[in-house]
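This is the structure, below, for whatever I ask next.
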Amino acid sequence: MIIGALKETFEGEARVAMTPDSARELAKLGHSCLIETGAGAGAGFSDKAYKEAGVDIKRTANSLMKAADVIVRVRPPSEDEIAAMPKGKTLISFFYPGQNEALLAAANKKDTAVIAMDMVPRISRAQKMDALSSMANIAGYRAVIEAGNNFGRFFTGQVTAAGKVPPAKVLIVGAGVAGLAAIGTSTSLGAITYAFDVRPEVAEQIESMGAEFVFLDFEETQADGAATGGYAAPSSPEFREKQLEKFRELAPDIDIVITTALIPGRDAPVLWTADMVAAMKPGSVIVDLAAERGGNCELTQADARIVTDNGVVIIGYTDFPSRMAAQSSSLYANNIRHMLSDLTPEKDGVIQHDMEDDVIRGATAAYAGEITFPPPPPKVQAIAVQTKETKPAPTPEELRAAEAAAFRQATKNQVTMLGAGALVMLLIGAYAPASFMQHFIVFALACFVGFQVIWNVSHALHTPLMAVTNAISGIVILGALLQIGSGNWLVVLLSLVSVLIATINIVGGFMVTRRMLAMFQKS
């Protein structure tokens, strides 16, 4: 099939749906690639780079749409572009079918198969195609950079000869993909970072990244994330009031606020009100990533940077991914490429639009002359349902009783095993010569000690124990060397085998230990 990437016509959009690297990967699937001239210029990809990757350049959008079987782009097409599109094509792009019903109907009249990248289901197998998460990741990172550009002080604290500089305090509202990216960037820059989310299960993720989770003293059962596609569920009015009360308490001390609370297809909830903005210090910054749907901040203006009367900067840009066009184009082009990989299971250049596949069906908004939006829920849930812990925690007395029972059982097993071993030794000693028994007892004790030292150790701990096993292998080699001069050919053969195996173990142990130590060294 021929895959064609159009130049984006939306004002200010610098991304492109195909990069030279993704075109090379598409060629491995058996596809040919076209691109409209200048389509990658905004992202730093020249026509020359595409030619070197084996991509044909088309001068106009119309000529590309006529030649291509599959048309890929970033933004949803306009009505004029749908009208100019030949019949029977496949379109892969952000489409937002829930908000563009008329556009979807127009595409369906053209018998266009519409695959909306914003409708990719949030299941594990589809993560490589999750373009919303890819763009949210970039938006979260860029939001912190944008905040730093407008903030008049350092993020990290410093003690200098000229004076002490306190660290900035950053609050991130929402710990989805964008929120976690913002948390990672903020903590890496040295700011004191706080984060809030209505889903208490994300507290561990937030704290593992070095931020402090803002807890609410409020009892409310939250809907499981599996029931909401991995997004936060709407909160009750009582919870919302408690949430706003907490934000009002934090507002005077926070330097930077980054809000990320947005669910596709819904208006953004207002979480940072005008009185909170008024309580913030002059020079503080608010970056609202939900500006395209009304904003989480009450004073946000879409695609604008405003300064309030008390000197607070509010940024409501809606094109954060486009402001990092090279990176976002690379990630989005990879999302497209993975989607086409699933559509080309045989890697023979022939697209098979399998409507039984959860991912393809979930992303398909129109196919074979029918509007297929909204899709049925996927057979696999977005995230695993959290099991509710109903069993009460054991009391200290129960724990002590369980430990005593386990000790008694272990002691019983050890005594039984030692008794059986002693009985076997007595039976063998009754018939074997004394010289044999001397060596046999040492052999049996070595096997017993080796079992206790190595065999009962968890497999996950074997690598750190390599240095210890090297010492044990050294003892084996020493014993084998003492026996290698024996006159018995069988003893010599066994000694040689022992030296060989122990040497392999020692060499491998040192190699593994060296690699393990290198993990803790800066390259």
Side-chain angles (χ1 to χ4, degrees), residues 136-137 139-141 143-144 147 151 155 167-189 191-225 228 230-263 266-281 284-291 293-300 312 314-315 383 386:
N137 181 29
Y141 172 86
V144 178
F151 186 56
F155 269 72
K169 293 183 178 180
V170 179
L171 172 65
I172 294 163
V173 181
V177 176
L180 291 175
I183 291 169
T185 308
S186 176
T187 55
S188 66
L189 290 174
I192 298 175
T193 307
Y194 304 91
F196 174 82
D197 197 282
V198 298
R199 300 164 294 177
E201 64 266 22
V202 304
E204 290 184 3
Q205 299 179 43
I206 291 170
E207 291 170 352
S208 69
M209 299 182 73
E212 181 180 336
F213 184 70
V214 178
F215 285 96
L216 286 186
D217 185 15
F218 186 84
E219 292 291 335
E220 180 180 68
T221 302
Q222 295 293 324
D224 193 275
T228 55
Y231 292 101
S235 305
S236 67
E238 294 79 13
F239 183 89
R240 172 179 162 77
E241 287 304 317
K242 196 71 176 180
Q243 178 183 3
L244 296 180
E245 180 183 333
K246 186 66 176 180
F247 290 162
R248 288 189 180 95
E249 177 186 333
L250 294 173
D253 295 327
I254 298 297
D255 299 305
I256 295 171
V257 177
I258 298 174
T259 62
T260 70
L262 180 64
I263 299 176
R266 299 183 188 175
D267 291 335
V270 176
L271 303 176
W272 205 260
T273 57
D275 62 300
M276 298 177 196
V277 177
M280 296 178 73
K281 294 172 288 189
S284 300
V285 179
I286 299 172
V287 181
D288 194 339
L289 293 181
R293 300 294 297 178
N296 296 137
C297 176
E298 192 174 5
L299 303 181
T300 297
V312 177
I314 302 176
I315 298 171
I383 57 177
Q386 292 188 336

(request) Could you pull out the closest heavy-atom pair between V170 and A191, with the gap in Å? (result)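 Distance-wise, the nearest heavy atoms are CG2-CB, 3.7 Å.
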(message) Looking at K246 and E249, is there a salt bridge between them, counting it only when a charged N and a carboxylate O are closer than 4.0 Å?
(response)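 Yes, charged N to carboxylate O under 4.0 Å.
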(request) Check F155 against L189 and note the closest heavy-atom contact, atom names and distance. (result)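 Looking at all heavy atoms of both residues, the shortest contact is CB-O, 3.5 Å.
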(message) On a heavy-atom basis, which atom in P269 and which in A261 lie closest, and how many Å separate them?
(response)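 In terms of heavy atoms, the two residues are closest at CD-O, 3.7 Å.
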(message) Does atom CZ (F151) have a neighbourhood of more than 12 heavy atoms from anything else shown, all under 6.0 Å?
(response)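 Count over threshold, so yes.
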(message) Are F196 and Y194 an aromatic pair, judged by ring center distance below 6.0 Å?
(response)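 No, the ring centres sit 6.0 Å or more apart.
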(request) Among residues two or more places apart or on two chains, list those pairs meeting salt bridge (Lys or Arg N to Asp or Glu O under 4.0 Å) that have a residue in residues 253-262. (result)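 Non-adjacent pairs meeting salt bridge (Lys or Arg N to Asp or Glu O under 4.0 Å): R153-D255, D255-K281.
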(message) If you apply the rule side-chain contact (heavy atoms from CB on, under 4.5 Å), what do you find for M280 with I286, and how did you get there?
(response) CA-CA 10 Å; M280 296 178 73; I286 299 172; 3.8 Å; yes
(request) Can you see which heavy atom on A175 is nearest to which on D197, and at what distance? (result)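 In terms of heavy atoms, the two residues are closest at N-OD2, 2.7 Å.
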(request) Could you pull out the closest heavy-atom pair between D275 and R248, with the gap in Å? (result)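 Closest approach of D275 to R248, heavy atoms only: OD2-NE, 2.7 Å.
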(request) Supply the atom-to-atom distance T300 OG1 to R293 CZ, rounded to the nearest 0.5 angstrom. (result)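 The CZ atom of R293 is 15.0 Å from OG1 of T300, to the nearest 0.5 Å.
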(request) Begin from the C-alpha positions of L244 and M276 and carry the test side-chain contact (heavy atoms from CB on, under 4.5 Å) through to its verdict. (result) CA-CA 9 Å; L244 296 180; M276 298 177 196; 3.6 Å; yes
(message) If I take atom CD1 from residue I183 and atom OG1 from residue T193, how far apart are they, to the nearest 0.5 angstrom?
(response)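 So the gap between those two atoms works out to 7.5 Å.
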(message) Once rounded to the nearest 0.5 Å, what's the spacing between atom CG of L171 and atom CD1 of I254?
(response)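 Between atom CG of L171 and atom CD1 of I254 there are 5.0 Å.
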(message) Checking T259 now: which residues fulfil side chain to side chain donor-acceptor pair (under 3.5 Å) with it, not counting sequence neighbours?
(response)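 Checked T259 against side chain to side chain donor-acceptor pair (under 3.5 Å); matches are D288, N296.
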(message) Taking side-chain contact (heavy atoms from CB on, under 4.5 Å) as the definition, give me every residue that meets it alongside A181, ordered by chain and number, with sequence neighbours left out.
(response)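 A181 satisfies side-chain contact (heavy atoms from CB on, under 4.5 Å) with N137 once adjacent residues are dropped.
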(request) Assess whether side-chain contact (heavy atoms from CB on, under 4.5 Å) is satisfied between L289 and L262, documenting all intermediate values. (result) CA-CA 8 Å; L289 293 181; L262 180 64; over 6 Å; no
(request) Answer yes or no: is there a donor N or O on one side and an acceptor on the other, between the side chain of S188 and the main chain of T185, under 3.5 Å? (result)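 Present.
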(message) Please check: side-chain N/O of T260 versus main-chain N/O of V173, any donor-acceptor pairing under 3.5 Å?
(response)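 Flag set: sc T260 to bb V173 pair under 3.5 Å.
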(request) Assign the ring pair W272 / F247 to parallel, tilted or perpendicular, where the plane angle (0 to 90°) is split at 30° and 60°. (result)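 It falls in the tilted class, 30° to 60°.
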(message) Between S186 and A182 (side chain of the first, backbone of the second, donor and acceptor by atom type, cut-off under 3.5 Å), is there such a pair?
(response)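 Here the side-chain-to-backbone pair does not exist.
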(request) Determine, stepwise, if the pair V277 / C297 fulfils side-chain contact (heavy atoms from CB on, under 4.5 Å). (result) CA-CA 9 Å; V277 177; C297 176; 3.9 Å; yes
